[in-house]
Amino acid sequence: VRSPILGFVSYFDVEIAPGAWLSTSPEQELTHWQQVSFLWDSPLQIGQGDVLRGSVDIRQQEENKRCLDVLLACRHYGADGESSTIAKSGSCRNRSYKLDTIT
């Protein structure tokens, strides 16, 4: 059985003062910070036994300290031996990043 993965969603939890937490988790109360979506052009079909390995590099922008540059990379290893690499970069001005598939 194969199922589609449309992308990734990210959120954060931060302790802003001792015992005082801010969370953008979808399981917590809504804040104006929200979550960020990283979406592929088309769904990635994965199945039992497939492996996804990835990394996320987040850097603060020099010109605007409140903005982040994000590089997300993921490698899909199919149980059938096929593999593909997915990578996308973007800045904080976008709430949704579109991911490109590179084979």
Side-chain angles (χ1 to χ4, degrees):
V1 175
R2 301 191 73 70
S3 298
I5 292 183
L6 304 176
F8 296 97
V9 174
S10 68
Y11 63 89
F12 65 87
D13 298 319
V14 62
E15 188 173 23
I16 55 178
W21 287 85
L22 169 66
S23 176
T24 62
S25 168
E27 298 173 352
Q28 300 298 319
E29 205 171 304
L30 185 64
T31 72
H32 74 280
W33 293 96
Q34 301 179 350
Q35 300 88 33
V36 176
S37 300
F38 298 90
L39 304 173
W40 281 286
D41 289 334
S42 58
L44 173 64
Q45 297 294 325
I46 67 162
Q48 187 172 353
D50 288 7
V51 174
L52 293 177
R53 290 203 173 116
S55 64
V56 179
D57 183 37
I58 302 172
R59 297 173 191 253
Q60 188 178 43
Q61 288 184 357
E62 286 294 321
E63 63 277 3
N64 184 348
K65 300 293 186 190
R66 296 185 64 195
C67 283
L68 302 173
D69 290 324
V70 178
L71 172 63
L72 180 123
C74 180
R75 186 129 183 110
H76 171 230
Y77 299 91
D80 58 6
E82 291 188 30
S83 68
S84 61
T85 300
I86 301 141
K88 184 62 180 182
S89 63
S91 71
C92 70
R93 291 182 179 86
N94 303 320
R95 283 195 189 258
S96 179
Y97 297 84
K98 205 172 197 184
L99 298 176
D100 301 316
T101 302
I102 305 164
T103 53

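Because only heavy atoms are used, hydrogens play no part in the values below, and waters and symmetry mates are left out as well, while side chains stay in. For clarity, every value in this text was computed on a predicted model and none was experimentally measured.
- Hydrophobic clustering (ILVMFWY, side-chain heavy atoms < 4.5 Å, transitive): I5 and V51 are in distinct clusters.
- In this structure, S3 OG and D50 CG are separated by 10.0 Å, a value rounded to the nearest 0.5 Å.
- Across every non-hydrogen atom of Y11 and Q35, the tightest pair is CB-CG, 4.0 Å.
- Rounding to the nearest 0.5 Å places CG of L44 at 9.5 Å from CG of L6.
- A donor-acceptor pair under 3.5 Å is absent between the side-chain atoms of S23 and the main chain of Q28, judged by distance alone.
- Within the model, atoms OG of S25 and CZ of F12 stand 11.0 Å from one another, a figure rounded to the nearest 0.5 Å.
- Minimum heavy-atom separation, Q45 to R2: O-NH2, 2.9 Å.
- The line from CZ of R75 to CZ of R53 is 10.5 Å long, rounded to the nearest 0.5 Å.
- With hydrophobic clusters built from ILVMFWY side chains whose heavy atoms lie under 4.5 angstrom apart, Y77 does not share a cluster with L52.
- Crowding of E15 atom CD: a count of heavy atoms from other residues, nucleotides or ligands under 6.0 Å exceeding 12.
- Rounding to the nearest 0.5 Å gives a distance of 6.5 Å between OG1 of T24 and CG of D13.
- When every heavy atom of L22 is checked against every heavy atom of I16, the shortest pair comes out as CB-CG2, 4.3 Å.
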